[in-house]
Number of protein chains: 2
Amino acid sequence: MKVKRTLQDVEKKIIAFFLKNGRMPTYSEIAEIIGVRSKSVVHFWVVKLLDAGILRKDAKGFLTLTKNPRSLRLAGEVCAGLPASAEDEIRDIISFDEYLIRNPDTSFLLSVTGDSMIEAGIREKDMVVVESNRAPQNGDIVLAEVDGNWTMKYFHRKGGMVVLEAANPKYSPIIPQADLRIAGVITGVVRKYHK
Amino acid sequence: MKVKRTLQDVEKKIIAFFLKNGRMPTYSEIAEIIGVRSKSVVHFWVVKLLDAGILRKDAKGFLTLTKNPRSLRLAGEVCAGLPASAEDEIRDIISFDEYLIRNPDTSFLLSVTGDSMIEAGIREKDMVVVESNRAPQNGDIVLAEVDGNWTMKYFHRKGGMVVLEAANPKYSPIIPQADLRIAGVITGVVRKYHK
DNA sequence: TTGACAATAGAACGATCGTTCTATATCATA
DNA sequence: TATGATATAGAACGATCGTTCTATTGTCAA
């Protein structure tokens, strides 16, 4: 029970609270989760965390986490000695949500079925982000209706014509009829191993 | 100036505040951002948002967004009539951060260079999530040191031996020396089009 | 042992929170 | 126009917030 309370302990418990509740804890709540009975003790630790730069106060005086607790180190290039040098705290790298999603309201997710874009590195069970009200550019990957089915194809403009091509030699290019229906443009791909 | 204030207006402004500040606004702040002068008017609108299920109160009475503002609709399968039916509000789909990152402390990001895993659908300039203290299983993609360089390979155990294979016929399988160094296991891939 | 410092407890305080009340102003419909 | 419903303003209130103070305990080194 003589467990020395460390800055890291307190930090971790506050981060855990934030991840669970989607907001920062009050001083009373911090008192509960770190196991002290007085708010003044919390104040004591919060000042330490502020000095250490782990916490901040925003313009209104509310506590804020300095860095996104889900952000990852970005190890720029795969080169010598990389993984050992964990010293570089370049954690300024983003949340994937911000990175991938420009407009949540016009985007949706799709679980990929089929192998039509296999050579573009899009495989079955990948998730793709589709942005629906964006005009397809030449070379974009689009979600289009072909023979009543929605599939992904490269979008090409050749002369005045639109050609839809799979990234798979198994499938032939398609020159759509007048009523080409395009659901959206693929703006991102996400794959997860070890479900 | 006779702009009717709608529920959606208020919702959007609160969400915008949340995304910008990482916390929910106070009533005074809501008054500012929606342009009213009295907190009682804010209360009036908040009750509406609560009734509509757009906002909630947590156990302590703090306002919370019911759904993650970055979450996307998941359109399950690519089949008929899909994109038109935006009625299905199955937005229960996650943030990519939660989806991809199990342990932020032991994971890091890598920008892919080279084509060694091209046939596994991992291409140059993709981002991969590497989890560093996880024991590689047979068939995993690992980040390993080969001839002083860090590259991605399939990890295979054949008999008592470890074989590292690229997903590219250009490169031959490698049977590493005794001092095999593995930086981690690839647990996710993220690609973004239209930077 | 003693003294200095780190850590905790508890009480009090002003400020701000969200709520509630009354009172107007605006809009829609009969 | 008359009437009810909708939307706004402003003041007041109790509750809780974070801060500050005093006081006590525990730890380590001189």
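Throughout, a chain's letter reflects where its sequence line sits, starting with A, and its residues are numbered from 1.
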Does [X] place a side-chain N or O at less than 4.0 Å from the phosphate oxygens OP1/OP2 of [N]?
X: B:Lys48; N: D:dA7; value: yes
X: B:His43; N: C:dG18; value: no
X: A:Trp45; N: C:dA6; value: no
X: A:Arg5; N: C:dA6; value: no

If you find the nucleotide of DNA chain D closest to A:Ser28 and the one closest to A:Ser38, which residue's nucleotide is nearer the 5' end?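 With A:Ser28 and A:Ser38 compared, the 5'-side residue is A:Ser28.
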B:Lys60 or B:Arg37: which one's nearest nucleotide on DNA chain D is closer to the 5' end?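 Result: B:Arg37.
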Got a sec: does the NZ of B:Lys12 have more than 12 other heavy atoms crowding it under 6.0 Å?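 Atom NZ in B:Lys12 is not packed in, count stays at 12 or less.
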side-chain contact (heavy atoms from CB on, under 4.5 Å) evaluation trace for A:Arg23 with B:Met24: CA-CA 8 Å; A:Arg23 63 173 174 85; B:Met24 292 296 281; over 6 Å; no
Starting from [atom2] on [N], measure out to [atom1] on [X] and report it in whole angstrom.
X: B:Leu50; N: C:dT19; atom1: CG; atom2: C1'; value: 13 Å
X: B:Lys39; N: D:dA9; atom1: NZ; atom2: C1'; value: 13 Å
X: B:Ile30; N: C:dT16; atom1: CD1; atom2: P; value: 17 Å
X: A:Asp9; N: C:dA7; atom1: CG; atom2: P; value: 12 Å
X: B:Met24; N: C:dT16; atom1: CE; atom2: C1'; value: 18 Å
X: A:Glu32; N: C:dT8; atom1: CD; atom2: P; value: 16 Å
X: B:Lys57; N: D:dA15; atom1: NZ; atom2: P; value: 15 Å
X: B:Tyr27; N: D:dA12; atom1: OH; atom2: C1'; value: 17 Å

A:Val41, nearest nucleotide to its side chain (from D:dA7, C:dT8, C:dG10):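 For A:Val41, the side-chain atoms sit closest to C:dT8.
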Evaluate the side-chain proximity of B:Thr187 to B:Leu100: yes if any heavy-atom separation is below 4.5 Å, no if none is.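 B:Leu100 does not reach B:Thr187 side chain to side chain.
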To the nearest 0.5 Å, how far apart are CG in B:Asp126 and CE in B:Met117?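 These two atoms lie 11.5 Å from each other.
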Contact class for B:Thr26 vs. all strands (heavy atom < 4.0 Å): base, sugar-phosphate, or nothing?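 Contact class for B:Thr26: sugar-phosphate only.
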Under the 6.0 Å and 45° cation-pi test, does B:Lys153 pair with B:Tyr171?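 The answer is yes; both the distance and angle limits are met.
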